[in-house]
Amino acid sequence: MTHAFDQTPLDHAAVTTARLLALDAVERAGSGHPGTAAALAPVAHLLFQKHLRHDPQAPDWPGRDRFVLSCGHASVLLYTQLFLTGYDVSLDDLKAFRSFGSRTPGHPELGHTPGVETTTGPLGQGFATAVGMAMAIAHERAVNDPDAAPGESVFDRRVFVLASDGDLQEGLSYEAGALAGRHRLGGLTVIYDDNDIQIEGDTSLTSSENVGARFAAQGWRVDHVGLASDGDVDVDALDEVLSAADRRGDRPHLVVLKSQIAWPAPNARNTSASHGAPLGADEVAATRVELGVDSDPFTVDDTVLAHTRTALERGRAAREAWQVAADAWELAHPVAAAELRRSRSRTLPADLGSRLPVFSPGDTLATRDASGQVIQAFAEALPELWGGSADLAEPNRTAIAGGASFLPDEGPGTGRAGRNVHWGVREGAMASAMNGIALIEGSRFFAGTFLVFSDYQRPAIRLAALMQLPVTYLWSHDSVALGADGPTHQPIEHLASLRAMPGFSVVRPADGAETAAAWLAILEKDGPAGLVLARQPLPVAPTPADVVRAGVRRGAYVVQDASASAGGSAGGPAGGAAGDPAEGGTPDVVVVATGSEVALVLEAVAQIDDLAVRVVSMPCREWFDAEPVEYREQVLPRAVSARVVVEAAASFGWEGVAGPGGVIVGIDEFGLSAPAADALRERGMTTERVVAAVRAAAARAATSVAS
Ligand SMILES: Cc1ncc(C[n+]2csc(CCOP(=O)(O)OP(=O)(O)O)c2C)c(N)n1
Ligand SMILES: [Mg+2]
């Protein structure tokens, strides 16, 4: 038997208050998105007062359900609920909506506002992030509490999403919806605000699809809720379908909810104009009349507030009850509990570094292969490590050997505790969902594809960087050296474009030893990073392991130095360089290379015996830039203007490292279809070109000194 939300007059008053607060906040800010916030106030009230399990005073409580406002433009809808239910968001915060330094920014931003679970605004992202949250929750439950009855585990948490037309028009929602359906993510509920309005007008301008049928075809349970007789959303009917949908459901749930944007504003309702601009004082006043209230802006009646703040008591009670169950689980599962505490606190086992596979000078292997081996080693030590690839697990080397496939339990080799996620050819949804997985906190997750297809992931990478989420991309096939698949598959501009993104680390190791060190550093630094991996075998440089480990962590280090006093005799491996990279004195020329080009450079400079050439490997510019100036000066002395940078990719962005006297050996055109050796030669990745560049840089420096 279902039961409708027993709305009291106080609930109605609370919804009216929420509607008007949203309109008032937008008026005061002079900008914002009032229409949807006003129309959906009853929906948000229903969720925050009844369906969402949350404690406003404990916004980080791990047992809470998650709410994702995918249509982030309606942020004031969320802020209003956060204020009314008793989060650390005040009426003054609502008055400061969209202003500098406020807790109530234009779009919800993680870390800005207690109760905001993820940054949203780029349409489609919140929806796909929520799919990842539901995946991570299902995984965590299966790992830790597989025997609990459905709905009875402390790990059962639900994810609620509000999505708009734009969210579901984005192709990303197709990918993410398909994944949620395939994985039968019962903990996911999406309320689709089917208001037939978007910025340019009626959605019939752009869409004729049956959205509900689309999701049903993807395996979702779909319900439809029409308008109430007065034109408001039918919150009772919504409550019924939410209550009826099995809380322990074995399918994600979409509710196609009819609404009228800006209802009940008498003139603005149902107009696209109400989407993204203040309604105006007259229309807000008319809305007050429509609602039968005669109040000043930002008025909140004490009895209304007392009513909405009953959420505090309910939240506390829910959390305490949950805590009792969580304590019981801990007592019964001490080992798993200790692991969970460790992984949620983002602590790594102290001996992790000693578990890394060792790659020694003389070994030759592709960095993607080295990464694959590191994954196996880490998978043993880190139960929280899981990952997958967008249908490229083999070429990306992302499979965890012996790990099951993350799927509903469908027989041997499957199950939600599975550590290998098969994303299908859905790079975008994989990336967005990885953000959601990271937001559930206990996991360490990696996602693989070819570097060239990072373009499909960029919006999610950007959000990961903005939120500083610990996501790890594994991008293999990192240059024209992937060969005969040709220019469509050969990345050129990707490294530069990814490096241009603030807060994201692009890590391109030179060989197996650097790859192992890079993986460790990525986990230790615990921020958003992409590990860029080569397909072709590469020799491990003759650098001592401790130098590599320390140097990679710092982003750049001297791989080989040359003694200036020796008049250009190559100094050999930088044995003592960890402590004193400048040991060999000031070089004539510094050559900086990343990834596969380090080996190329070492080969090239072996042919130069009349100049003191230092070779610097720079696997991560962002990490190097964060080092103290003294270290950077040691590695790249300002006094040496003769610099060469070598990277088999667009030269764009290297000017700062090369300096005015420097030479950049890059590839500033698309690649070509040819075996690796031919492709490299045709695009100028040759020892001859490197040698010529070193000589040119040295000559330039000599001229500028002379002049
Ligand atoms: C990826 C992306 N493209 C464009 C926008 C700009 N934008 C914000 S809302 C919106 C569409 C509004 O229509 P709808 O999603 O139906 O929201 P409603 O007005 O009904 O709340 C657009 C194009 C955006 N936020 N994200
Ligand atoms: Mg709309």
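Both counts, for ligands and for their atoms, begin at 1 and track the order of listing. Just so you know, residue 1 is the first one in the sequence shown, and it goes up from there.
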Next on the checklist: Looking at Arg269 and Glu290, is there a salt bridge between them, counting it only when a charged N and a carboxylate O are closer than 4.0 Å?
Outcome noted: yes
Next on the checklist: With the threshold set strictly below 4.0 angstrom, can you tell me whether any protein non-hydrogen atom sits that near atom 4 (C) of ligand 1?
Outcome noted: no
Next on the checklist: For His489 together with His477, are the ring centres under 6.0 Å from each other?
Outcome noted: no
Checklist entry - Asn195 heavy atoms, cut-off 4.0 Å: which ligand 1 atoms fall inside? => result 18 (P), 20 (O)
Item to check | Heavy atom of the protein closest to atom 22 (C) of ligand 1 (residue, atom name, distance) | outcome: Ile199 CD1, 3.4 Å
Item to check | Proximal heteroatom of Asp165 relative to the Mg ion (ligand 2) (N/O/S) | outcome: OD2
Checklist entry - Can an N, O or S atom be found in Ile197 less than 2.8 Å away from the Mg ion (ligand 2)? => result yes
Next on the checklist: Whether Arg103 engages the ring of Phe83 as a cation-pi pair (distance to the six-membered ring centre under 6.0 angstrom, angle to the ring normal within 45°) should be assessed.
Outcome noted: no
Next on the checklist: On a heavy-atom basis, I'd like to know which of Thr36, Leu172, Leu123, Thr206 is closest to atom 26 (N) of ligand 1.
Outcome noted: Leu123
Next on the checklist: Does only the side chain of His33 get under 4.0 Å from ligand 1, or the backbone, or both, or neither? Count heavy atoms.
Outcome noted: neither
Checklist entry - Could you walk me through whether Arg444 and Asp526 pass the salt bridge (Lys or Arg N to Asp or Glu O under 4.0 Å) check? => result CA-CA 9 Å; Arg444 298 211 181 230; Asp526 212 21; 3.0 Å; yes
Next on the checklist: Once you measure the plane-to-plane angle for His51 and Phe160, does it fall in the parallel (<30°), tilted (30-60°) or perpendicular (>60°) bin?
Outcome noted: tilted
Next on the checklist: Students should be able to answer this: which protein heavy-atom is nearest to atom 1 (C) of ligand 1, and at what distance?
Outcome noted: Glu170 OE2, 3.2 Å
Checklist entry - If you measure every N/O of Asp167 against every N/O of ligand 1, is any gap under 3.5 Å? => result no
Item to check | Nearest-contact summary for atom 12 (C) of ligand 1 - protein heavy atom, Å | outcome: His275 CE1, 3.4 Å
Checklist entry - Is it true that Phe48 and Phe67 have ring centroids separated by less than 6.0 Å? => result yes
Checklist outcome for this item: atom 24 (C) of ligand 1: of Cys71, Gly35, Ser207, Gly121, the nearest heavy atom sits on Gly121
Next on the checklist: Any heavy atom of Gln169 closer to ligand 1 than 4.0 angstrom?
Outcome noted: no
Checklist entry - Counting each atom of ligand 1 from 1 as listed, which ones have a heavy atom of Gly166 under 4.0 Å away? => result 14 (P), 15 (O), 16 (O)
Item to check | Plane angle bin for Trp220 and Phe215 - parallel if under 30°, tilted between 30 and 60°, otherwise perpendicular | outcome: perpendicular
Item to check | Sidechain-backbone polar pair: Asp234 side chain, Ala237 backbone, donor-acceptor under 3.5 Å | outcome: yes
Checklist entry - What atoms of ligand 1 come within less than 4.0 Å of a heavy atom belonging to Ile261? => result 19 (O)
Next on the checklist: When you measure from the Mg ion (ligand 2) to the N, O or S atoms of Thr36, does any of those distances fall below 2.8 Å?
Outcome noted: no
Next on the checklist: Can you classify the ring geometry of Trp386 versus Phe445 as parallel (below 30°), tilted (30 to 60°) or perpendicular (above 60°)?
Outcome noted: perpendicular
Checklist outcome for this item: The atoms of ligand 1 lying under 4.0 Å from a heavy atom of Gln198, numbered in the order shown, are 13 (O), 16 (O)
Checklist entry - Are any of the N/O atoms in Ser164 less than 3.5 Å from those in ligand 1? => result yes
Checklist entry - Polar-atom distance check: Asp193 versus ligand 1, any N or O pair below 3.5 Å? => result no
Checklist entry - Going by the order shown, which atoms of ligand 1 are within less than 4.0 Å of some heavy atom of Pro122? => result 26 (N)
